[in-house]
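Notes for the one structure printed next.
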Amino acid sequence: MKAMISKCMLGFPCRYDGKSKPLNDEKLNKLNENYELIPFCPEAFSLPTPRPAARFIGDKIIDINGVDKTKEFLKGANEALRICREENIKIFIGKEKSPSCGIKKTSAYINGCECKCDAPGLTSKILKENGIELISEWEI
Ligand code: SF4
């Protein structure tokens, strides 16, 4: 069965800081036994790498320089959905605390504080609204 996965968790250096966040071998082996993994990075699809970190302020995604990147994040999320539909992918395995790929937690700026709040990132939210099952990296 095919599953889309946050690309940085497979070791691709697509994070905002130009680094990756690879899963440990145990988790990776488990995933490879059960799924055909399709890596995708919604942010790198529509933004350069490295890029300024960004987080939710209300329902917008604003980078640390104060620039509204909601449109770019939406473009990456919609591309993820397009690929899932085209490739008949029904599962998304996401990197936590990302404003795009977070499943249980995402980054936000609330009351003057940088924090992680209990909500999905934009890509995860849109995939879920379209019937894709979400699996957190913490649940592997
Ligand atoms: Fe990883 Fe998703 Fe962030 Fe890309 S957008 S670096 S895949 S968590």
Taking atom CE of Met4 and atom CD1 of Ile38, what is their separation to the nearest 0.5 Å? 7.5 Å
At what distance, to the nearest 0.5 angstrom, does OG of Ser6 lie from CG of Leu37? 11.0 Å
Suppose clustering is done on Ile, Leu, Val, Met, Phe, Trp and Tyr with side-chain heavy atoms closer than 4.5 Å. Which residues sit in the same group as Ile62? Ile57, Tyr109
Could you state whether [X] and [Y] fall into the same hydrophobic cluster, counting links through intermediate Ile, Leu, Val, Met, Phe, Trp or Tyr residues with side-chain heavy atoms under 4.5 angstrom apart?
{"X": "Ile93", "Y": "Leu28", "result": "yes"}
{"X": "Ile89", "Y": "Leu122", "result": "yes"}
{"X": "Ile83", "Y": "Leu127", "result": "yes"}
{"X": "Phe40", "Y": "Leu23", "result": "no"}
{"X": "Leu10", "Y": "Tyr35", "result": "yes"}

Just do the side chain to side chain contact (heavy atoms under 4.5 Å, CB included) check on Ile91 and Met1 with the steps written out, would you? CA-CA 9 Å; Ile91 292 171; Met1 184 190 296; 3.3 Å; yes
Please check this pair: side chain of [X] against backbone of [Y], looking for a donor-acceptor N/O pair closer than 3.5 Å.
{"X": "Thr106", "Y": "Lys97", "result": "no"}
{"X": "Thr123", "Y": "Pro42", "result": "no"}
{"X": "Ser46", "Y": "Lys75", "result": "no"}

Could you pull out the closest heavy-atom pair between [X] and [Y], with the gap in Å?
{"X": "Phe45", "Y": "Gly76", "value": "CD2-CA, 3.9 Å"}
{"X": "Ile5", "Y": "Leu31", "value": "CD1-CD1, 3.7 Å"}
{"X": "Pro99", "Y": "Ser107", "value": "CD-OG, 3.8 Å"}
{"X": "Glu72", "Y": "Asp68", "value": "OE1-O, 4.0 Å"}
{"X": "Thr49", "Y": "Arg51", "value": "OG1-NH1, 2.8 Å"}
{"X": "Cys117", "Y": "Ile110", "value": "CB-CD1, 4.4 Å"}

Can you list everything that forms a salt bridge (Lys or Arg N to Asp or Glu O under 4.0 Å) with Glu86? Sequence neighbours excluded, please. Arg82
Output a table of donor-acceptor pairs, distance under 3.5 Å, between side-chain atoms of residues 11-21 and any protein atom two or more places apart or on a different chain; print 'none' if there are none.
from, atom 1, to, atom 2, distance (Å)
Arg15, NH1, Asp17, OD2, 3.4
Asp17, OD1, Lys19, N, 3.0

Under 3.5 Å, which donor-acceptor pairs do the side chains of residues 129-140 form with other protein atoms, sequence neighbours left out?
from, atom 1, to, atom 2, distance (Å)
Glu129, OE2, Lys125, NZ, 3.1
Asn130, OD1, Arg85, NH2, 2.9
Asn130, ND2, Ile126, O, 2.8
Ser136, OG, Glu96, OE2, 2.7
Ser136, OG, Trp138, N, 2.9
Glu137, OE2, Lys95, NZ, 2.7
Glu137, OE2, Glu96, N, 2.8
Glu139, OE1, Ser136, N, 2.8
Glu139, OE2, Lys104, NZ, 3.0

Start with the C-alpha distance between Lys128 and Ile103, add both sets of side-chain angles, then the distance that settles side chain to side chain contact (heavy atoms under 4.5 Å, CB included), and finish with yes or no. CA-CA 10 Å; Lys128 188 176 182 192; Ile103 306 287; over 6 Å; no
Got a sec, which residues hit side chain to side chain donor-acceptor pair (under 3.5 Å) with Asn32, two or more places apart in sequence or on another chain? none
By side chain to side chain donor-acceptor pair (under 3.5 Å), Ser100 pairs with (sequence neighbours left out) Glu43
Yes or no on side chain to side chain contact (heavy atoms under 4.5 Å, CB included) for Asn24 and Lys27, after CA distance, side-chain angles and deciding distance? CA-CA 6 Å; Asn24 64 35; Lys27 288 191 175 191; 3.4 Å; yes
Would a 4.5 Å heavy-atom cut-off, applied to side chains only, mark Phe92 and Cys84 as touching? no
Taking the side chain as every heavy atom from C-beta outward, state whether Asp118 and Lys105 have any pair of such atoms under 4.5 Å apart. yes
Are Lys2 and Asn88 close enough, and set up right, to give a side chain to side chain contact (heavy atoms under 4.5 Å, CB included), and what steps lead you there? CA-CA 8 Å; Lys2 286 181 179 177; Asn88 198 27; over 6 Å; no
